[in-house]
Amino acid sequence: MKNIKRISAIMILAIITVMMIPSTAFAATDFEISSIGLSPDTVSIDGGSVNVSVTVKNTGTDPITNVSYTYHLPSGLEGRGHADTISVGASKTYTDNIQFNGNDVNTNIQAEVWCQGVGWISHSKTFSVTGEDNVILSGDEIVPEKSSYFVGETVSITDTMRNSLSTNVTNLKMKYYLRRSGSDTSGDTVTFGTVAPNAKVSNTLDYTFTEEDLDGLRIGSSITYNVSGNGPYTEYNVAHDFVVVPSPTPTSSTTPTASATPTPTPEATPTATEQPATSEIVIQQEANPQEETAAIKEDTGTNTTTSLFQDRTIVMTIIIVVGAIVALVIIVIIVAVAKKK
């Protein structure tokens with residue numbers, strides 16, 4: 001009797017243990033989502049049509065007889081089902097055209113796939129569709145563009161935007177912001193309204209730097225708009241960082257007082273002293289001592305030469321007179337001798 005009770009207890013325990021084991025432990029059906037393909041993988045930010053391909057591979061030991069999948073879109077569910085059979089180790093790709101709207105792009109989407117074999121099992125995989133900007137910044141300009149700016153100086157920033165869609169963009173607005181020390185301050189908002197396809201709009205912001213900007217300033221902008229009733233969508237334009245320095249302090253200088261210029265007293269011009277004809281000295285006011293000395297030497301030399309010349313003339317005259325007397329004496333002697341003979 002005791003053995004019967006023990007056997008019964010063991011059987012009950014075995015049954016409970018089996019019931020606690022997950023049913024998938026005995027399942028021979030299994031698969032994997034090999035890949036999810038998108039064509040195209042980029043649409044407009046307000047949505048678009050995309051061919052989504054999901055590849056399912058049977059990794060179990062039994063064939064898969066049914067495949068169904070659901071795309072969990074923010075705008076709603078998109079479901080598909082196929083009564084196909086995928087043999088063990090085989091793969092199959094299913095492609096469907098899915099319409100995404102503006103709320104479905106640039107977000108994670110879950111693809112959930114169910115397969116039936118020995119029971120139903122499911123796997124999921126996420127993907128996303130990229131939405132392009134509808135309004136793009138086609139150009140910006142800063143005047144003047146410098147490495148740094150003084151407090152009190154004004155800069156002009158012109159942003160130009162273009163509607164890249166084939167439909168109108170409505171309620172287009174641009175809002176500026178100022179960032180100082182990591183903190184943002186809202187600036188002006190400019191409303192453009194409706195912008196036609198491929199049309200451009202622009203706005204110029206004039207900003208004067210203040211002492212609050214000395215620690216650095218960033219001026220940026222964001223735009224919001226609607227497309228086909230969807231939105232609003234938000235995009236950010238290029239932000240500009242500015243280095244601001246204190247204004248140069250003007251140097252105070254005292255204008256010197258004009259002093260009276262003394263009028264020079266005219267000096268009397270000395271009268272030149274008359275000199276001998278042989279002298280070439282001309283008396284001048286404040287004459288150079290060296291020049292005066294040279295002139296005196298020149299005058300002295302001239303006087304000496306004149307004196308010597310006069311002495312020589314007297315000597316020659318005496319010689320001539322003496323010679324004439326001697327000659328006359330000789331002639332008289334010769335005549336006297338001749339008479340005696």
Side-chain angles (χ1 to χ4, degrees), residues 22-25 27-138 162-169 197-198 223-236:
S23 60
T24 55
T29 303
D30 201 3
F31 70 97
E32 67 179 11
I33 303 174
S34 301
S35 64
I36 295 179
L38 304 174
S39 180
D41 59 359
T42 301
V43 295
S44 171
I45 198 170
D46 61 331
S49 179
V50 178
N51 290 322
V52 182
S53 301
V54 56
T55 299
V56 179
K57 181 180 181 180
N58 186 349
T59 59
T61 57
D62 287 308
I64 296 174
T65 56
N66 287 289
V67 177
S68 65
Y69 44 88
T70 302
Y71 299 110
H72 296 265
L73 306 178
S75 60
L77 299 178
E78 285 282 346
R80 300 288 189 275
H82 300 276
D84 289 342
T85 298
I86 302 177
S87 59
V88 177
S91 299
K92 191 165 186 179
T93 299
Y94 302 94
T95 301
D96 297 285
N97 185 268
I98 305 297
Q99 182 67 38
F100 296 87
N101 67 24
N103 296 322
D104 300 329
V105 299
N106 298 327
T107 185
N108 289 331
I109 299 173
Q110 183 185 44
E112 186 177 16
V113 180
W114 291 81
C115 291
Q116 183 180 16
V118 181
W120 284 88
I121 61 173
S122 68
H123 291 291
S124 62
K125 194 177 184 73
T126 60
F127 68 96
S128 64
V129 176
T130 302
E132 288 183 334
D133 294 341
N134 288 323
V135 179
I136 62 175
L137 182 67
S138 61
R162 179 176 63 86
N163 178 9
S164 63
L165 290 177
S166 59
T167 186
N168 288 344
V169 168
N198 206 38
I223 56 176
T224 59
Y225 56 89
N226 297 80
V227 179
S228 302
N230 296 319
Y233 304 109
T234 301
E235 299 177 15
Y236 290 90

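Using a 4.5 Å cut-off on side-chain heavy atoms (C-beta onward), L38 and F127 make contact. With a 4.5 Å cut-off on side-chain heavy atoms, N168 and P197 count as touching. No side-chain heavy atom of P40 sits under 4.5 Å from any side-chain heavy atom of T42.
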* Could you walk me through whether Q116 and T29 pass the side chain to side chain contact (heavy atoms under 4.5 Å, CB included) check? -> CA-CA 7 Å; Q116 183 180 16; T29 303; over 6 Å; no
* **Full working for side-chain hydrogen bond (donor to acceptor under 3.5 Å, both in side chains) between T95 and S53** => CA-CA 4 Å; T95 301; S53 301; 2.7 Å; yes
* Any chance you could lay out the side chain to side chain contact (heavy atoms under 4.5 Å, CB included) test for V54 and I33, step after step, and finish with the verdict? => CA-CA 7 Å; V54 56; I33 303 174; 3.7 Å; yes
* Verify side chain to side chain contact (heavy atoms under 4.5 Å, CB included) between E235 and Y225, making sure each step is shown before the conclusion. => CA-CA 9 Å; E235 299 177 15; Y225 56 89; 2.2 Å; yes
* Would T126 and Q110 count as a side-chain hydrogen bond (donor to acceptor under 3.5 Å, both in side chains) if you check the C-alpha gap in whole Å, the side-chain angles of each, and the deciding distance to 0.1 Å? -> CA-CA 4 Å; T126 60; Q110 183 185 44; over 6 Å; no
* Taking it one step at a time, do I36 and V52 satisfy side chain to side chain contact (heavy atoms under 4.5 Å, CB included)? -> CA-CA 7 Å; I36 295 179; V52 182; 4.0 Å; yes
* Evaluate side-chain hydrogen bond (donor to acceptor under 3.5 Å, both in side chains) for T55 paired with S34, printing each intermediate quantity in order. => CA-CA 5 Å; T55 299; S34 301; over 6 Å; no
* **Pair Y71-D96, side-chain hydrogen bond (donor to acceptor under 3.5 Å, both in side chains): steps then yes or no** => CA-CA 11 Å; Y71 299 110; D96 297 285; 4.7 Å; no
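Distance alone, capped at 3.5 Å, places no donor-acceptor pair between the N103 side chain and the P74 backbone. In this structure, the side chain of T59 engages the main chain of F31 through a donor-acceptor pair within 3.5 Å. Judged by distance alone, the side chain of H72 and the main-chain N or O of L77 form no donor-acceptor pair under 3.5 Å. Remark: the backbone N or O of G131 is paired with a side-chain donor or acceptor of N106 at under 3.5 angstrom.
In this structure, NE2 on H82 lies 9.0 Å from OG on S68, to the nearest 0.5 angstrom. With rounding to the nearest 0.5 Å, the separation of CG in N163 from OG1 in T167 is 8.0 Å. In this structure, CG on N66 lies 13.0 Å from CH2 on W114, to the nearest 0.5 angstrom. S87 contributes atom OG, which lies 9.0 Å from atom CD1 of I64 (distance to the nearest 0.5 angstrom). Expressed to the nearest 0.5 Å, how far CG of D41 lies from CG of N51 amounts to 12.0 Å. D30 CG to K57 NZ: the interatomic distance, rounded to the nearest 0.5 Å, is 11.5 Å.
When the options D104, V105, V43, N97 are evaluated for a side-chain contact (heavy atoms from CB on, under 4.5 Å) with V50, the one that passes is V43. The only option from I86, N58, D84, V67 that meets the side-chain contact (heavy atoms from CB on, under 4.5 Å) definition with C115 turns out to be V67.
The two atoms that bring P63 and V88 nearest to each other are N-CG2, 4.0 Å, heavy atoms only. For Q99 against S49, the heavy-atom pair with the smallest separation is OE1-CB, 3.5 Å.
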